Undergrad: 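Below: one structure in structure tokens.
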Amino acid sequence: MLAEIQFTSLAEFLAMGGYGFNVWSVYVIFAVFVIVNLLAPLHRRKQIVREFKRRESRQSQNVTDFDNLESGNRQEDLQGQLNESRDKAANLPGDRK
Amino acid sequence: MAPVTTGIAGTGSAFMATLKRDLLIASKRKNDMLNPFMFFLIVASLFPIAVTREPQQLTDISAGVLWIAALLASLLAMDSLYRSDFEDGSLALLLLCPQPLYFMVLAKNLSHWLVSGLPVVLVSPLIAYMLKLPAESYLPLFLSLLVGTPVLSLLGSIGVALTVGLGSRGLILAVITLPMTVPVLIFGTLAVQEPRFGADLAGYLAILGAQLLAAIALAPLASAAALRISVN
Amino acid sequence: MNWTWFHQLGSPKSFYALTSQWLPWLVTVMVISMTAALVWALLYIPPDYQQGYTTRILVIHVAVAGTSLAFFPLMAVAGTITLVWRIKLADMVARNAATLGAWFSFVTLATGSLWGSVMWGTWWEWTDARLVSMLFQFFLLLAVIALRSAMDDNDKAAKACALLSIVGCINVVIIKYSVEWWNVLHQPNSPVGMSNSGANGPEFWLPTLLMVVAVYLFLTVSLILSTRNEILHRERKAQWVRELLAAS
């Protein structure tokens, strides 16, 4: 549109008029930055799904859920319930300012 | 909101009561007063050993060394600002007071600065002499520390209030607080260095003073909010 | 005034549903604009008479640096919402914004250094106000992250980080002006070619503008993705999340 392709050969493109190292380092850093910050959430999502499935299958296998007898999980459960009820309260429309 | 009855003390007397109480406690605990002071002396004395013994080079770095030593001394002293009150529960009581928390926090900051910050300011000309600061810079150093260190205390107070409930808080406090002290450090050191080259000291002190006023107006509000988050 | 809509928007469930609709569009526009900006920048920008092909660095650097300035205001607004209206979604956004903002600041510093190493002949230059204030923005973002990881209680951490973000936002502005002033006063003779205003023709700023748009879209997409994860994790006991996870 405003200009033409600036390079006639691949070697010229890679050399960037002598600033090849700096220019390409910046683009590599940028690419890593973008890709990592898009893939990491996708990976984390898979992890969450996996964790959930594992928990579910364990709970359906064992009637007495040994995992949940551990105090840590028990606490987490209680905390979860607490958070849930707090959420409900927080999301209620109406008399809040 | 607070019930306004005749039995409740006014804000002014609550401020004075908090101030007196904290000064009384500090007078019983000599270490809290002495340690920042000792720290300041020792850190400042380490620089000539580590960096240089040449008087000219010492002159060049002395303003920065003195300010950074004062900054670190103030930071290390901060931890005692709310900790004992948090541990014995009197901080929770303070939050329940009907008077505005802003003034109590301000009173606590003031007493803490009088106890741990002011001694450092008072002794600074002596260290300045040992670090070969030019004689005409003593007054700028003294005045800039006098106006600047309260800002450091007020900023540090926010960090302490945020971390008072945590188990290990020494480093996290430094990580939170130190970046915030950059503006004070910039104008504090400039106030010491620049008048030697003909700049006007009053201008730098005015900027530091403006920072102090802004910190007095805003920082206790943030500290108060942080205390309400940390305690309970 | 009726605030129902506000709380509805702030509910994790409706946010999740809404972003499910937005995401495909956002991702498409992001991919197109970023590809176009990259190709344009790498192939078409003519060499600057002073800086040669290093203006290609500035296309990235300017876009990332400009976008990174949005993080503290964003976190301060989210923090205010957390403290005033206790909407948990705001904290979920703020938490991920801190991490992403630290990334942005770091990339800004790294690309700035790579540009400076050519144009100034040094990787680090204390006399450049933008570089120094960016460094302290980076430190302040790390401080927010550190505070978050030091606190076990989610609710308390949310409020504490919200407050620190608001304080940090004010502080970043003060630091920026102090550092600028400091440079003017302290170091009147700055290195030659300091400003990157040398490259400013439309052949430079048009691809840069496109890159800014692309980077903002990338920020939005990444933030939405990680916020959705945060919702799935924190609300994992909620019925709708369980159904959603079971189906995926």
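Below, chains carry the letters A, B, ... as their sequence lines are ordered, and counting in each starts from 1. This structure is a prediction, so every number in the text was calculated from the model and none was measured.
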Undergrad: Checking heavy atoms, do the side chain of C/Leu42, its backbone, both or neither come under 4.5 Å from chain A?
TA: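 Both the backbone and the side chain of C/Leu42 come within 4.5 Å of chain A.
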Undergrad: Can you tell which part of C/Val64 gets under 4.5 Å to a heavy atom of chain A, answering side chain, backbone, both or neither?
TA: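 Just its side chain gets close to chain A.
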Undergrad: Do C/Leu38 and A/Tyr27 touch side chain to side chain, with heavy atoms closer than 4.5 Å?
TA: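 Counting from C-beta outward, C/Leu38 and A/Tyr27 do come under 4.5 Å.
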Undergrad: For C/Lys13, does the NZ atom have more than 12 heavy-atom neighbours from other residues, nucleotides or ligands under 6.0 Å away?
TA: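 Count not over threshold, so no.
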Undergrad: Measure the spacing between OG1 of C/Thr108 and CD1 of A/Ile29 and express it to the nearest 0.5 Å.
TA: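 Reported value, rounded in 0.5 Å steps: 11.0 Å.
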Undergrad: Who wins among C/Arg228, C/His233, C/Glu230 for the most heavy-atom pairs under 4.5 Å with chain A?
TA: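 Looking at each option in turn, the highest pair count goes to C/His233.
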Undergrad: Is the shortest distance from a Lys or Arg side-chain nitrogen in A/Glu56 or C/Arg242 to a carboxylate oxygen in the other one below 4.0 Å?
TA: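 A salt bridge is present here (some side-chain N lies under 4.0 Å from a carboxylate O).
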Undergrad: Which one wins on heavy-atom pair count under 4.5 Å against chain A: C/Leu225, C/Val107, C/Thr111, C/Ile60?
TA: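 Between C/Leu225, C/Val107, C/Thr111, C/Ile60, the count favours C/Ile60.
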Undergrad: Of all heavy-atom pairs between C/Thr54 and A/Val23, which one has the smallest distance, and what is that distance?
TA: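 Heavy-atom minimum between the residues: CA-CG2, 4.4 Å.
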Undergrad: Among C/Ala246, C/Ser113, C/Ala41, which residue has the highest count of heavy-atom pairs closer than 4.5 Å to chain A?
TA: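 Max contact count across the listed options: C/Ala246.
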Undergrad: Rounded to the nearest 0.5 Å, how far apart are NZ of A/Lys46 and CG of C/Asn229?
TA: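 With rounding to 0.5 Å, NZ (A/Lys46) is 11.5 Å from CG (C/Asn229).
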Undergrad: Test your reading of the model: is there a side-chain donor-acceptor pair from A/Gln6 to the backbone of C/Tyr44, 3.5 Å cut-off?
TA: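 Answer holds: yes.
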Undergrad: Heavy-atom distance under 4.5 Å between the side chains of A/Phe13 and C/Tyr53, does that happen here?
TA: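 With C-beta onward as the side chain, the pair stays apart.
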Undergrad: Can you tell me how far apart CG (C/Leu245) and CD1 (A/Ile48) are? Round to the nearest 0.5 Å.
TA: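 So the CG of C/Leu245 and the CD1 of A/Ile48 are separated by 7.5 Å.
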Undergrad: A/Val36 versus chain C, heavy atoms under 4.5 Å apart: side chain, backbone, both or neither?
TA: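 Side chain only.
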Undergrad: Quick check on the 6.0 Å ring-centre criterion: do C/Phe218 and A/Phe33 meet it?
TA: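 Yes, ring centres under 6.0 Å apart.
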Undergrad: Would you indicate whether the side-chain heavy atoms of A/Phe30 and C/Met34 approach each other to under 4.5 Å?
TA: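 Contact flag for C/Met34/A/Phe30 side chains = yes.
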Undergrad: Please report the interatomic distance CE(A/Met16) to CD1(C/Ile57), rounded to the nearest 0.5 Å.
TA: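 Here the interatomic distance stands at 9.5 Å.
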Undergrad: Just verifying a value: how many Å separate A/Gln47 CD and C/Leu232 CG, rounded to the nearest 0.5 Å?
TA: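 Between A/Gln47 CD and C/Leu232 CG, I get 12.5 Å after rounding to 0.5 Å.
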Undergrad: Against chain A, label C/Phe104 side chain, backbone, both or neither, depending on which of its atoms sit under 4.5 Å from a heavy atom there.
TA: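 Interface part for C/Phe104: both.
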Undergrad: Give a yes or no answer on whether the side chain of A/Tyr19 reaches the backbone of C/Arg56 with a donor-acceptor pair at less than 3.5 Å.
TA: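 No; judged by distance alone, with no hydrogens or angles, the pair does not exist.
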Undergrad: Should the heavy atoms of other residues, nucleotides or ligands under 6.0 Å from CZ of C/Phe106 be counted, would the total exceed 12?
TA: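 Count not over threshold, so no.
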Undergrad: Using non-hydrogen atoms and a 4.5 Å limit, figure out which bit of C/Val27 sits close to chain A: side chain, backbone, both or neither.
TA: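 Contact with chain A: none, neither part.
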Undergrad: Please check if any side-chain donor atom of A/Asn22 sits under 3.5 Å from a side-chain acceptor atom of C/Ser117, or the reverse.
TA: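 Per modelled atom types, A/Asn22 and C/Ser117 side chains form a pair under 3.5 Å.
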Undergrad: I'd like to know if the side chain of A/Asn37 and the backbone of C/Ser222 have a donor-acceptor N/O pair within less than 3.5 Å.
TA: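 No, the answer is negative, given that no donor and acceptor are paired below the 3.5 Å cut-off.
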